[in-house]
Amino acid sequence: MTILVTGGAGYIGSHIVNELVDRGESVVVLDNLSTGFGDTVPAMAQLVVGDIGDGALVEKLLSEHRVQAIVHLAASSVVPDSVANPLGYYSNNTAGSLVLLKAAVQAGVKYFVFSSTAAVYGNPQTPLVGEDLIPRPMSPYGASKLMTERMLQDAGLACSLKYVVLRYFNVAGADPKLRTGQSTRAATHLIKVAVQAALGARDSMAIFGTDYPTPDGTCIRDYIHVSDLVSAHVEALGYLRKGGASTLMNCGYGHGYSVRDVVDTVKRVSGLDFEVKMQPRRAGDPAAIVADVRNIRRILSWTPAHDDLETIVRHALSWEQKLLARTPRALSG
Ligand code: UDP
């Protein structure tokens, strides 16, 4: 049974593809390489360079490879970018997913694992969010993902497609074997940015907002190691293959860290100091959001292996050092 991984040359996708290949799965990757890197796709997986919105290409790929399962990650995923370019996000994330989903249903694909996001919840009243909380996205990014969730739910009711929606919290770190990591050029995600600042790949970094209603005034997030997120996908696929019903679950650890906590941890783990500038709030950022993880632990019997901020930071640092050894400073964007 071939598994199609869309966005499989990207940060999270490349980790998933490596793991699936290690497990002996037949994998085909569809990625337009807008932010991904072809060389992160292992040789055992076939890379097709193209767009999820290209219906003819997707149909051909699904039938030629007799795809039975799709892990769908291809998307634009930067919250502030989505605020500046909402229609681009709806086009790429929502309209693109519609094309993919239509082709999947037509081709009789059985299983679909969808990469959604905690951004669907918006700015919750209490930080700990369960999947039953009514979603109120604050950004076009969150809304674009929520729309795709809805399409998937409706399609799943009307046909035999079974799905798992995984709402990712803040994914960070890198493959402990350093086969892949986050290579994004103009990185915006906190841990990557802080690690780059520590290693001198950027002159300084900013903390966006110090007046949030949190203990130290900075935003709180639930940071999950990318390898634990990968195991959630593997478990989700296994669950569907065993006949599991369509479902939706948060992917996080159930506890959060502030932006200051993260910056302090990067300084401590790296042993390096760097300049941190206090700046105003960034558009679209909720104050605090942490996953209620009872569902994923119960339904998938998922047990994280790297639930530790220092480990996440250490792996992110090692990956960044590897990148910088290849192209000093060029990767800071
Ligand atoms: N953040 C920051 N400086 C940065 C990048 C991010 O202060 O250079 C903050 C951001 O405002 C948010 C948190 O770190 O409060 C996590 O942001 P990130 O972009 O990593 O993930 P998001 O939660 O937006 O998906």
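Remember, it's 1-based here, ligands and their atoms both numbered in the order they're listed.
Here the protein heavy atom with the shortest distance to atom 7 (O) of ligand 1 is Phe208 N, 2.9 Å. Scanning the protein for heavy atoms near atom 5 (C) of ligand 1, the closest one is Thr188 O, 3.2 Å. Ranking protein heavy atoms by distance to atom 9 (C) of ligand 1, first place goes to Val259 CG2, 3.8 Å. At the top of the distance list for atom 19 (O) of ligand 1, counting protein heavy atoms only, stands Arg282 NH2, 3.0 Å. For atom 18 (P) of ligand 1, the nearest protein heavy atom (residue, atom name, distance) is His189 ND1, 3.5 Å.
Of the N and O atoms on the side chains of Tyr223 and Asp261, not one donor lies less than 3.5 Å from an acceptor on the other residue. Side-chain contact, His225 with Thr311: no donor N or O sits under 3.5 Å from an acceptor N or O.
For ligand 1, the atoms closer than 4.0 angstrom to any heavy atom of Ile207 are 7 (O). Applying the 4.0 Å criterion to heavy atoms of Cys219 picks out, from ligand 1, the atoms 15 (O). Less than 4.0 angstrom separates some heavy atom of Asp285 from each of these atoms of ligand 1: 10 (C), 11 (O), 12 (C), 15 (O), 24 (O).
Among all heavy-atom pairs drawn from Ile191 and Ala316, the shortest one is CG2-CB, 3.9 Å.
Using a 4.0 Å cut-off between heavy atoms, Arg281 makes no contact with ligand 1 at all. The proximity of Asn170 to ligand 1, defined as any non-hydrogen pair under 4.0 Å, is limited to the side chain.
Checked against a 3.5 angstrom limit, the closest N/O atoms of Ala206 and ligand 1 fall inside it. Where the criterion is an N or O separation shorter than 3.5 Å, residue side chain and backbone included, Leu190 meets it with respect to ligand 1.
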With ring pair (Phe, Tyr, Trp, His ring centres under 6.0 Å) as the criterion, how do His233 and Tyr168 come out once you've worked through the C-alpha distance, each side chain's angles and the decisive distance to 0.1 Å? CA-CA 11 Å; His233 288 77; Tyr168 304 171; 5.4 Å; yes

### Query
Hey, mind stepping through Ser26 and Thr2 against side chain to side chain donor-acceptor pair (under 3.5 Å) and telling me if it holds?
CA-CA 5 Å; Ser26 159; Thr2 298; 3.0 Å; yes

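In this structure, Arg241 is not positioned above the aromatic face of Tyr111 in the sense of NZ or CZ being under 6.0 Å from the six-membered ring centre and within 45° of the axis.
Each of Asp175, Val234, Val27 was scored for a side chain to side chain contact (heavy atoms under 4.5 Å, CB included) with Glu19, with one residue passing: Val234.
Ring orientation note: the planes of Phe114 and Phe112 are tilted relative to one another, at an angle of 30° to 60°.
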